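Working notes, beginning with the structure itself.
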Amino acid sequence: MHIRTRFAPSPTGFIHLGNLRSALYPWAFARHNKGDFILRIEDTDLERSTQEAVDVIIEGMAWLGLDLDEGPIYQMQRIDRYREVVKQLLDSGLAYPCYMSEDELNKLRDQQMANKEKPRYNGLWRPEPGKTLPAIPEGVEPVIRFKNPIGGSVVWADAVKGSIEISNDELDDLVISRPDGTPTYNFCVVVDDLDMKITHVIRGDDHVNNTPRQINIMKALGGSPPVYAHLPTVLNDSGEKMSKRNGAMSVRDYQKAGYLPEAILNYLARLGWSHGDAEVFTKEQFVDWFDLDNLGRSPAQHNPEKLLWLNHQYIQNADPVKLAEATKPFAHALGIDTEHGPDFLQVVTLLKDRANTLIEIAEGAKLFYLPAPSHSAEQLTENIPNTIKPALLDLIKAIESAEPKKESYGAAFKQVLAQHQLKMPALAMPVRYALFATTQTPAIDSVLVVLGKDEALKRLSKVLL
Ligand code: GLU
């Protein structure tokens, strides 16, 4: 079988990580099986769909590297096709016009509720052999309803939830086309999944209730239902359903906060799927390992600390050249001119082991690009005591003759410390202060390399004047 999967988002607003997971799994399943992955934009809800949401989806997927074989296909561009299929069902007697007005439907519902029955359409306009239908009211455009099978049940083997059986008695005749001729949601999904030859539908479990209806329509159209895998919801860190209202971040927010796409992908992969106890793995490994058998059955919970930890892992192990490129926009946003001053690649290499995000690297980098500090006389007396000045002078000399390497600078420090019988902080703190007007910096020998010998000597000499 040639595997074909799809991600079918409704572009009706906010796209959070949970939404993107619904793209990641079908993508991975298609890639694992050398099949096709399709993006379908379910934009028939004209009032709620926005181009901006479509853009966020497409950008987010591209950022994570979820490449497409087909699409984006917009449902709004397929309306004629849906109408054609409605007509086909009408012609073959598998659907029928229903003229029940909104008012009548409401009355029926009220009555059923009063009788403690489940509200449902009563089949008034459903044609049956020997049944006389009511007279067609004048000037009323009908809805079209699907003739759901009577009796029996719909059964499917859900790849996540196991066997699910829903009695047809639970399902009334679904409206597949509105009075103005626009097709309805569940109907479009079926036509698309059939036309697009989707073999595996991997989606959120909020669609479990739609599935028996979709299967019935699909069978009526002569299709065979795909394999369904309904993914449990993603909960936020306080155990509620993830949503903008309770503080979920959008994909773009993560990008802006300096997360690496590789870290997000790895994180999302584990949000409802596992491979033994593997936590950190490459995209290739993920594709290699991904299957439907190891999807979790219970809701996954978003864990921001774990995501940050993963991001740190990816930053630490990233190729420095790529990392520097990825960090540049963040540095520029902080006013750092990466083309002048210390070599940005060296700066990033120095900072990456302790950073959780690209923003943290950029923040740390600022130190090296700020102009040389000007200290006031009081600040100097306070931070660079006179007693340390002879050692500082010797250090300047030692640095001058040292090779511009971490090890040589380290040796220079050692030699001066021994000579003056000092401990490292007694010398390193004043040096840091002289260089940057702060005592918080990475290891001093590396800092000297990155700042550059000339600049460092200039700054150190100045405080001795
Ligand atoms: N458009 C639906 C959603 O965004 C998904 C439909 C499907 O995957 O079948 O929830």
Side-chain angles (χ1 to χ4, degrees), residues 5-31 36-43 45 48-76 201-204 206-207 231 233-237 241-273 281-284 286-287 290 300 302-304 306-308 310-311 314-315 318 322-323 325-327 329-330 333 357-359:
T5 64
R6 83 308 194 272
F7 174 44
S10 306
T12 50
F14 189 71
I15 308 297
H16 54 63
L17 288 186
N19 300 129
L20 265 198
R21 189 196 60 171
S22 299
L24 180 63
Y25 289 180
W27 171 84
F29 192 66
R31 292 290 164 266
D36 298 324
F37 175 60
I38 299 157
L39 173 62
R40 177 167 89 217
I41 305 289
E42 305 206 320
D43 55 352
D45 183 343
R48 294 178 58 226
S49 300
T50 64
Q51 186 56 45
E52 143 126 72
V54 174
D55 294 344
V56 173
I57 292 164
I58 293 175
E59 277 169 29
M61 290 174 70
W63 186 56
L64 292 184
L66 308 186
D67 55 328
L68 300 175
D69 298 294
E70 289 167 35
I73 296 167
Y74 293 83
Q75 285 191 324
M76 278 312 288
V201 168
I202 304 167
R203 62 182 175 194
D206 45 334
H207 292 282
L231 308 168
T233 336
V234 178
L235 303 175
N236 70 11
D237 47 334
K241 201 175 161 168
M242 220 186 213
S243 91
K244 186 180 184 175
R245 261 173 294 116
N246 53 34
M249 276 165 65
S250 83
V251 201
R252 272 188 184 160
D253 293 335
Y254 282 101
Q255 202 171 355
K256 284 190 204 141
Y259 283 80
L260 291 178
E262 296 84 352
I264 300 272
L265 186 136
N266 189 152
Y267 177 75
L268 287 179
R270 283 285 291 108
L271 213 52
W273 171 87
F281 39 79
T282 65
K283 190 172 169 186
E284 289 69 30
F286 173 52
V287 165
F290 187 77
H302 175 48
N303 179 343
K306 184 177 172 193
L307 175 54
L308 200 62
L310 263 176
N311 206 47
Y314 276 87
I315 285 180
K322 282 192 190 147
L323 190 65
E325 275 315 303
T327 309
F330 294 92
T357 66
L358 300 183
I359 289 197

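Values below: every heavy atom of this structure, side chains too, minus hydrogens, waters and symmetry copies. All of these numbers come straight from a predicted model, not from anything done at the bench.
Ring geometry for Trp273 against Phe286 counts as perpendicular: the plane angle is over 60°, on a 0 to 90° scale with 30° as the lower cut. The aromatic rings of Tyr254 and His302 sit perpendicular, their planes meeting at an angle over 60°, well past the 30° parallel limit.
Expressed to the nearest 0.5 Å, how far CG of Leu20 lies from CG of Leu265 amounts to 9.5 Å. Atoms CD1 and CG, on Ile315 and Leu358 in that order, are 5.0 Å from each other to the nearest 0.5 Å.
Within the 3.5 Å criterion, the main-chain N or O of Phe281 finds a donor-acceptor partner in the side chain of Asn266. In terms of modelled atom types and a separation under 3.5 Å, the side chain of Arg31 and the main chain of Asp67 share a donor-acceptor contact. With hydrogens and angles ignored, the 3.5 Å screen pairs a side-chain donor or acceptor of Thr5 with a backbone N or O of Pro26. A donor-acceptor distance shorter than 3.5 angstrom exists from the side chain of Tyr267 to the backbone of Asn303, with no hydrogens or angles considered.
Proximity of Val251 to Leu64: side-chain heavy atoms (C-beta onward) are nowhere separated by under 4.5 Å. By the 4.5 Å heavy-atom criterion applied to side chains, Leu24 and Leu271 are not counted as neighbours. Within the 4.5 Å cutoff, the side chain of Leu66 has no heavy atoms near those of the Leu39 side chain.
The shortest heavy-atom contact between Tyr25 and Ile202 is CB-CG2, 4.0 Å. Taking both residues in full, the closest heavy atoms of Asp36 and Ala30 are given as O-CB, 3.5 Å, listed atom of the first, atom of the second, then distance. Taking both residues in full, the closest heavy atoms of Ala53 and Pro11 are given as CB-O, 3.4 Å, listed atom of the first, atom of the second, then distance. Closest approach of Ser49 and Glu42 over heavy atoms only: OG-O, 4.3 Å.
Listed by chain and number, the residues in a side-chain contact (heavy atoms from CB on, under 4.5 Å) with Ala333 amount to none (sequence neighbours excluded). With sequence neighbours left out, the side-chain hydrogen bond (donor to acceptor under 3.5 Å, both in side chains) criterion links Asn311 to no other residue.
In summary, the aromatic rings of Phe7 and Phe37 are positioned with their centroids too far apart to meet the 6.0 Å limit.
For the pair Lys322 and Glu262, the salt-bridge criterion is not met [side-chain N within less than 4.0 Å of a carboxylate O].
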